[in-house]
Amino acid sequence: MSEPTVPHVPAMATAHRQALRRHLMNEITRPARRPKRTPVLVGAVGVLAAVIAAGTIALPGVPQSAPLVVTVQQAEPAAATTLLNAMAAAVVEKPEPGDGRYVYIRSLGAYAELGGGPARLRPVREREIWIPRYEPGDGLLRQPFFELPVIGVIPERVTLTDMTPNAAVVDLPDDPDELLAKLYRERAERGHGSSRDGAAFTAIGDILRESLVPPQTSAALYRAAARIPGVEMIRQVTDAAGRRGTAVAYTERDRRDEWIFDERTFEYLGSRSYLVADTADGPAGTVLATTAVLQRAVVPKLGQRP
């Protein structure tokens, strides 16, 4: 067996890094490693982010996590560039988002806990998030109520203070070469983490997953991704909602990360990450994360649904 996989560091500039506040609960697609599965007690400061994102405490009343293994399909490297350029051409024909002060996104997600044996995927959970659209301000997160030992109740409704607005996250060059160069510069400034190509792929995926991206910027993101060496296309991929689509993927350190799109409309469906080789975290095909975006819209008020 090879060495355990190492969690990647998200490739994001200041505004993008700040946007990770959105992923307060069960949002990290690079699962944190811990030495064993026994409960770990943490301090009160930052406890929500620590215990939920890291998956360090089992949730009472929730089915135990379990390994999930999928078939590692053959990738099609040449087809990825064709697919991404076709997606870019199609997305520019879509209408601009309507008026509204908040971006609303409803999604599903499940993330694995690592360490002490094969990775075990936690149950899929639904979440809703409201993100300020234009100006920094409070956002809102809603997800199912649950309770943690010692820590107590995790509220169903959490205010996310001083969030980076959606407009800042998607303020990117429309030229794909400039956009990719920007992502490479940000990787070089950090000087650690994934390779520069892997970091660029991760950064684009973070934006696609939980932002409302204007058509021209979406096209630039797809064309920039087409220029990343090593991108691949995978057919017949399933998201966290069970919907089938075609994936754009990148493989690094025995791990494949996928963005899943509807085969006909090219709508973003979700993402998936899994091992492509046998490691200490499990056999090839072990799923580390799976998500699905169910609804994406703009709304006038915080907490209002479309």
Side-chain angles (χ1 to χ4, degrees), residues 12-16 18-23 27 82-108 127-142 160 163-183 200-201 203-228 239 241 243 245-246 248 259-271 291-306:
M12 305 183 81
T14 300
H16 297 161
Q18 291 172 352
L20 287 178
R21 293 170 185 257
R22 305 171 186 177
H23 309 303
E27 187 56 31
T82 301
L83 173 63
L84 284 162
N85 286 325
M87 290 166 52
V91 75
V92 294
E93 301 297 328
K94 295 187 177 182
E96 291 282 347
D99 294 331
R101 293 181 57 199
Y102 295 91
V103 173
Y104 168 86
I105 299 173
R106 183 166 65 95
S107 62
L108 300 174
R127 59 185 265 126
E128 296 174 288
I129 192 166
W130 287 259
I131 304 161
R133 191 173 180 188
Y134 299 114
E135 301 293 336
D138 289 352
L140 179 65
L141 174 67
R142 281 180 175 164
L160 307 177
M163 290 190 74
T164 300
N166 185 84
V169 175
V170 300
D171 183 16
L172 299 165
D174 286 341
D175 181 271
D177 291 318
E178 290 181 20
L179 197 162
L180 190 56
K182 171 182 171 63
L183 298 179
F201 188 87
I204 294 172
D206 288 340
I207 295 167
L208 293 175
R209 184 175 62 252
E210 201 160 70
S211 301
L212 184 66
V213 188
Q216 288 292 340
T217 306
S218 293
L221 287 169
Y222 296 150
R223 291 192 175 106
R227 289 162 167 75
I228 297 176
D239 70 5
R243 301 172 299 188
T246 299
V248 174
W259 313 330
I260 308 169
F261 300 90
D262 184 276
E263 295 177 351
R264 296 182 300 102
T265 66
F266 298 141
E267 286 289 334
Y268 178 89
L269 298 180
S271 63
T291 71
V293 174
L294 304 180
Q295 191 173 14
R296 202 186 305 252
V298 293
V299 294
K301 297 179 181 179
L302 187 65
Q304 180 176 329
R305 294 184 174 95

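Every heavy atom of this structure was used, including side-chain atoms; hydrogens, water molecules and symmetry mates were not. Everything numeric in this text was worked out from a predicted model, so none of it was measured.
In terms of heavy atoms, A224 sits closest to L179 at CB-CD2, 4.2 Å. Annotation for V170 and P214: closest pair CG2-CD, 3.9 Å, computed over non-hydrogen atoms. Of all heavy-atom pairs spanning P132 and G139, the tightest one is CD-CA, 4.1 Å. Of all non-hydrogen atoms in A219 and V92, the two that sit nearest each other are CB-CG1, 3.5 Å. The minimum heavy-atom distance linking P306 with A297 is given by the pair CG-CB, 3.6 Å. Scanning all heavy atoms of the two residues, the minimum distance from R296 to S211 falls at NH1-O, 2.5 Å.
Side-chain atoms of P165 and E135, non-hydrogen and from C-beta on, never get closer than 4.5 Å to each other. With a 4.5 Å cut-off on side-chain heavy atoms, I207 and T217 do not count as touching. Proximity of F201 to V248: side-chain heavy atoms (C-beta onward) are separated by under 4.5 Å at one or more points. Residues R305 and V299 have side chains not in contact (no heavy-atom distance under 4.5 Å, counting atoms from C-beta outward). Looking only at side-chain heavy atoms (C-beta outward), I228 and I204 come within less than 4.5 Å of each other. A 4.5 Å side-chain heavy-atom check between T291 and L108 finds every atom pair outside the cut-off. Within the 4.5 Å cutoff, side-chain heavy atoms of R209 are placed close to those of Y268. Within the 4.5 Å cutoff, side-chain heavy atoms of F266 are placed close to those of L83.
Taken from OG1 in T265 to CE in M87, the straight-line distance is 9.5 Å, to the nearest 0.5 Å. Distance CG/L269 to CH2/W259: 14.0 Å, rounded to 0.5 Å. With values rounded to the nearest 0.5 angstrom, L140 atom CG is found 10.0 Å from M163 atom CE. Between atom CZ of residue R223 and atom CG of residue L180 there is a gap of 14.0 Å, rounded to the nearest 0.5 Å. For the atom pair CZ of R243 and CD1 of I260, the computed distance is 9.0 Å after rounding to the nearest 0.5 Å. To the nearest 0.5 Å, the span separating CH2 on W130 from CG on L160 amounts to 10.5 Å.
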Go through the steps to decide whether I131 and V169 satisfy the test side-chain contact (heavy atoms from CB on, under 4.5 Å), and finish with yes or no. CA-CA 11 Å; I131 304 161; V169 175; over 6 Å; no

Between L84 and Y222, does the side-chain contact (heavy atoms from CB on, under 4.5 Å) criterion hold? Intermediate values first, please. CA-CA 5 Å; L84 284 162; Y222 296 150; 4.3 Å; yes

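Partners of N85 according to the side-chain hydrogen bond (donor to acceptor under 3.5 Å, both in side chains) rule, which considers only residues two or more places apart in sequence or in another chain, do not exist here. For T82, the side-chain hydrogen bond (donor to acceptor under 3.5 Å, both in side chains) criterion is met by no residue, not counting sequence neighbours.
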Please tabulate, one pair per line, all N/O donor-acceptor pairs under 3.5 Å involving side-chain atoms of residues 94-106, not counting sequence neighbours.
unit_1: K94; atom_1: NZ; unit_2: E267; atom_2: OE2; d: 2.6
unit_1: Y104; atom_1: OH; unit_2: E128; atom_2: OE2; d: 2.5

